[in-house]
Amino acid sequence: MPEVTMSNTEELNELMRVRREKLQELRDHGIEPYGNKYEATDYTQGIVENFEKYDGKNVKLAGRIMAKRGHGKASFANLQDMTGGIQVYGRLNDLGEEAYEMYEKLDIGDIVGLEGSVFKTRRGEVTVSITDIVLLSKSLRPLPEKWHGLKDVDLRYRQRYVDLTVNPEVRKTFVIRSNIVKEIRKHLEGLGFLEVETPMMHPIAGGAAARPFVTHHNALDMELFLRIAPELYLKRLLVGGFDKVYEINRSFRNEGISTRHNPEFTMLELYQAYGDIEDMMELTENLVSSIAQKVLGTDKVQYEDQEINLAAPWKRLPMLDAVKEYSGLDFNSIHTDEEARGKAKGLKLEINGNESWGDILNLVFEEFVEPKLIQPTFILDYPVEISPLAKRKKDRPELTYRFELFIYGREMANAFSELNDPIDQKQRFENQLKKRDAGDDEAHMMDEDYIQALEYGMPPAGGLGIGIDRLVMLLTNTQSIRDVILFPQMKPRD
RNA sequence: GAGCCAUUAGCUCAGUUGGCAGAGCACCUGACUUUUAAUCAGGGUGUCCCAGGUUCGAAUCCUGGAUGGCUCACCA
C-alpha cells in the first residue's frame, strides 16, 4: 500500500494535497478508500420517477457524490449514477458517530455505495435516508464547478471522463448514439441482413476516393493501409452468396480534421443482392425515419435553426435538374469538357484545366446546390467519372444509378446500383490509375482480386453507405463531429 | 496547410491608460438534524500557456513558439 510521501505532495496544489491527506487519514482509521464489489438494488432514475412504488422501501445504490449540503448533525448530498441522480440524506442518529464522520468528510467526486429508505422531503424532493454507507473509491482530484460544468472544449475532449461526469447533456448524447446504432441493427436484422466483419487492414485501400493511413506488418514485411471503406470486401461477400450483408464499420481517412471530419469515423455500409438504387432509397427513408421515431419519439427533428422533417418519402432530384434549378446552368446543352470548364470559369469556380464534363457538373453542384438542400433530398444520376463503382444508366452511360442524400446541406448517405460488369469495372480502375499518375493521390487503386471476384459473377445489387457520426449529429442537434465521438482525435499536449 | 480569435486559481470568468493578481463555485476552520445554486462567520490556494524582447515597471505592448476554437482548403 503506497504511503503519501513528501516527494509526491509538494508538487500538488492545495486541493489535491488535502485529498491525499484525507486518504491517509481514512487508512489510519482502518477504512479502505478503494473498495470492492457493491451490489446495488436500484438505479436513481427509477426511484425518482416511480416514487409511489418506492416510498418507504429500502434500496441500495452506488454512484458518485456530486454535491454536499452539510447541516451539522444531518447532511444532504447528491448521488449520481449511470441513469441520473438522487438526493441522499444522512443523520448522525441513524449512522452512528464513526460512519457519520466518514459521510460528512466525503468529497465531491467520491464514489460510494449506500443503503437507505426512500422518502420525500418537505420541499417534495425524493430522497434516500441513509442507514449504511461505504466508500468505494476516494477521488483525489477536484471536479469542475457544479453550476457551469466543464466548458473548455479542449479539456472536454481530452478528459471525456470529466465531461461525462459533470455535463449531463453530453452523457445523453452518447446514450442516444448507442440507441441509434442498436436500432439500426434491429431494423436491418428485421430485413434479413447479416452483420459481418471485414478487414480493417488492407493491402490495397479501396472503395472510396481518399488518402489512407499507411502502416507496416513486421512479420510479413509488408505495407498495409487502414481501410478507407469496407465496400470492396462486402461486395466480395455478394459474390460468395451472402445476399444481404452489412457492416457498421470504423474507417480511416488521412485528411484534415474539422467540425464534420474525424480521421476515424463510423459508417454503415450495406449491400442487397438482386436489388437496386430504388430499394436503397426506400430502405434509407424507412431506416432513418423509423430510427428517429424509436430513439427520439418523432420524425420531426430540430437542427440548429431548422425543423427537419424525416417522414418518408423524401424529395428525389436528378443532379442535372438540381444544378439547373440553383445555378441556371443546363448541362444537357453543354457537350464538351472544354465548354463545361468555360462555364465554370464564368461562375468564378476554381479549376485546374483537367476537369471533365462530370467533374465540372459536380463542382457546380457542390458550390450552388448542396448548401440549399435543407430537407432530406436524394440527388440522383451522378456522372460516371466520379462514381467508379456505380452502374451506368441504361439510357445515359455518362451518368450512373447513384444517389447521395443531403440533409441540412450535408451529405448523409451515398448509394448506387452496384457495377457488376468486370470489364467495365476494370476500365474504371484504369481511368482512376490515370488520375493517380496525374498526381491525384485520392484516386482509386487497381484491385485485381476484386476484378477477379466480379469475373466469377456478382449478382446485381443495391449498396448504401450512411455516415453514422453525421446521423447522430443530426438527431442530437450537435454542431461538431467531436460532440458525437467519445474520444475524438487530438494533438498530444507538449 | 492558410486566415482570424482565444489561453489568468481545481472549474466558470473579470482584470480600465503598462503601476501590489481579482470574483463566484470548489476547498479549509467553525455554527447548524428536511436543505437544495442551503445559509451564516472567517481563510486566497496563482509558472497570468511557453521562450525571448521593449520598459524604471509587463497578465497587459512587440517577436517567435505551443495548444485549442471558428472559417477556408481536402474530404464523408
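In the interface, the side chain of A/E145 is paired with the base of B/rG24 through a donor and an acceptor atom under 3.5 Å apart. For A/T127 against B/rU34, a side-chain-to-base donor-acceptor contact under 3.5 Å is absent. Checked by distance alone, A/R122 brings no side-chain donor or acceptor within 3.5 Å of a matching partner on the base of B/rU34. Within 3.5 Å, a donor on the side chain of A/N93 pairs with an acceptor on the base of B/rU33, or the reverse.
If you check B/rC32 for Watson-Crick or wobble pairing at under 3.5 angstrom, you find it has no partner at all. Applying the Watson-Crick and G-U wobble criteria (two distances, each under 3.5 Å), B/rA38 pairs with nothing in any strand. Remark: B/rC49 base-pairs with B/rG65; criterion is Watson-Crick or G-U wobble with both hydrogen-bond distances under 3.5 Å. With a cut-off of 3.5 Å on both Watson-Crick or G-U wobble distances, the partner of B/rC72 is given as B/rG1. Remark: B/rA23 base-pairs with B/rU12; criterion is Watson-Crick or G-U wobble with both hydrogen-bond distances under 3.5 Å.
Among the atoms of the strands shown, none is found under 4.0 Å from any heavy atom of A/L143. Note on A/R19: nothing from the nucleic acid sits closer than 4.0 angstrom, heavy atoms only. Nucleic acid contact class of A/G256 (heavy atoms, under 4.0 Å, all strands): base. Heavy atoms of A/K68 sit nowhere under 4.0 angstrom from any nucleic acid atom. Using a 4.0 Å heavy-atom cutoff across all strands shown, A/R482 reaches sugar-phosphate atoms only and no base atom. Within 4.0 Å of A/L150, counting heavy atoms only, lie sugar-phosphate atoms of the nucleic acid but no base atom. Among the atoms of the strands shown, none is found under 4.0 Å from any heavy atom of A/L92. Residue contacts for A/G70: at a heavy-atom cut-off of 4.0 Å it reaches a base atom on one of the strands shown. A/T259 comes within 4.0 angstrom of sugar-phosphate atoms only, judged by non-hydrogen atoms across all strands, and of no base. At a threshold of 4.0 angstrom between heavy atoms, the contacts of A/A229 with the nucleic acid are absent. Within 4.0 Å of A/E125, counting heavy atoms only, lies at least one base atom of the nucleic acid. Using a 4.0 Å heavy-atom distance criterion, A/D94 is classed as making no nucleic acid contact.
Here the nucleotide nearest the side chain of A/P144, chosen from B/rC11, B/rU12, B/rU35, is B/rC11. Among the nucleotides B/rA73, B/rU45, B/rU35, the one closest to any side-chain atom of A/T121 is B/rU35. Closest to the side chain of A/K73, from the set B/rC32, B/rA38, B/rU45, is B/rC32. For A/E442, counting side-chain heavy atoms from C-beta on, the closest listed nucleotide (B/rG69, B/rU67, B/rC74) is B/rC74. Comparing atom distances between the A/H71 side chain and each of B/rA76, B/rC11, B/rU33 picks out B/rU33 as nearest. Comparing B/rU67, B/rA26, B/rC28 against the side chain of A/I108 picks out B/rA26 as the nearest. Comparing B/rC28, B/rU12, B/rG68 by their nearest atom to the side chain of A/R158 picks out B/rG68. Proximity note for A/A74 (side chain, C-beta onward) versus B/rA73, B/rC11, B/rU33: the nearest is B/rU33. Counting only heavy atoms from C-beta on, A/E255 has its side chain closest to B/rA76 among B/rA76, B/rU35, B/rG68. Between B/rU35, B/rU12, B/rC25, one nucleotide has an atom nearer to the side chain of A/H148 than all others, and that is B/rU12.
Judged purely by distance below 3.5 Å, without hydrogens or angles, the side chains of A/R410 and A/Y303 pair a donor atom with an acceptor atom.
Between A/K22 and B/rC28 there is a side-chain N or O to OP1 or OP2 distance below 4.0 Å. At the phosphate of B/rU36, OP1 or OP2 sits under 4.0 Å from a side-chain N or O atom of A/R123. Between A/K151 and the phosphate of B/rU7, there is no side-chain N or O to OP1/OP2 separation shorter than 4.0 Å.
The residues A/E25 and A/K105 are annotated as salt-bridged, a charged nitrogen and a carboxylate oxygen being separated by less than 4.0 angstrom. Between A/D163 and A/R156, at least one side-chain nitrogen of the basic residue sits less than 4.0 Å from a carboxylate oxygen of the acidic one, meeting the salt-bridge criterion.
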Kindly indicate, with the supporting measurements, whether the criterion salt bridge (charged side-chain N to carboxylate O under 4.0 Å, His left out) is fulfilled by A/K22 and A/D107.
CA-CA 9 Å; A/K22 286 186 181 176; A/D107 282 307; 2.7 Å; yes

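For the pair A/D381 and A/P318, the tightest heavy-atom approach, listed with the atom from each and the gap, is OD2-CB, 3.8 Å.
A/R260 places its CZ atom 10 Å from the P atom of B/rC70, with the value rounded to the nearest Å.
Other residues, nucleotides and ligands contribute more than 12 heavy atoms inside 6.0 Å of the OH atom of A/Y326.
Put simply, the residue from A/L405, A/L373, A/V323 that forms a side-chain contact (heavy atoms from CB on, under 4.5 Å) with A/I379 is A/L373.
Annotation: cation-pi geometry not satisfied between A/R160 and A/F487 (NZ/CZ under 6.0 angstrom from ring centroid, within 45° of ring axis).
Aromatic stacking of A/W147 on B/rG24: not satisfied for centres closer than 5.5 Å together with planes under 30 degrees.
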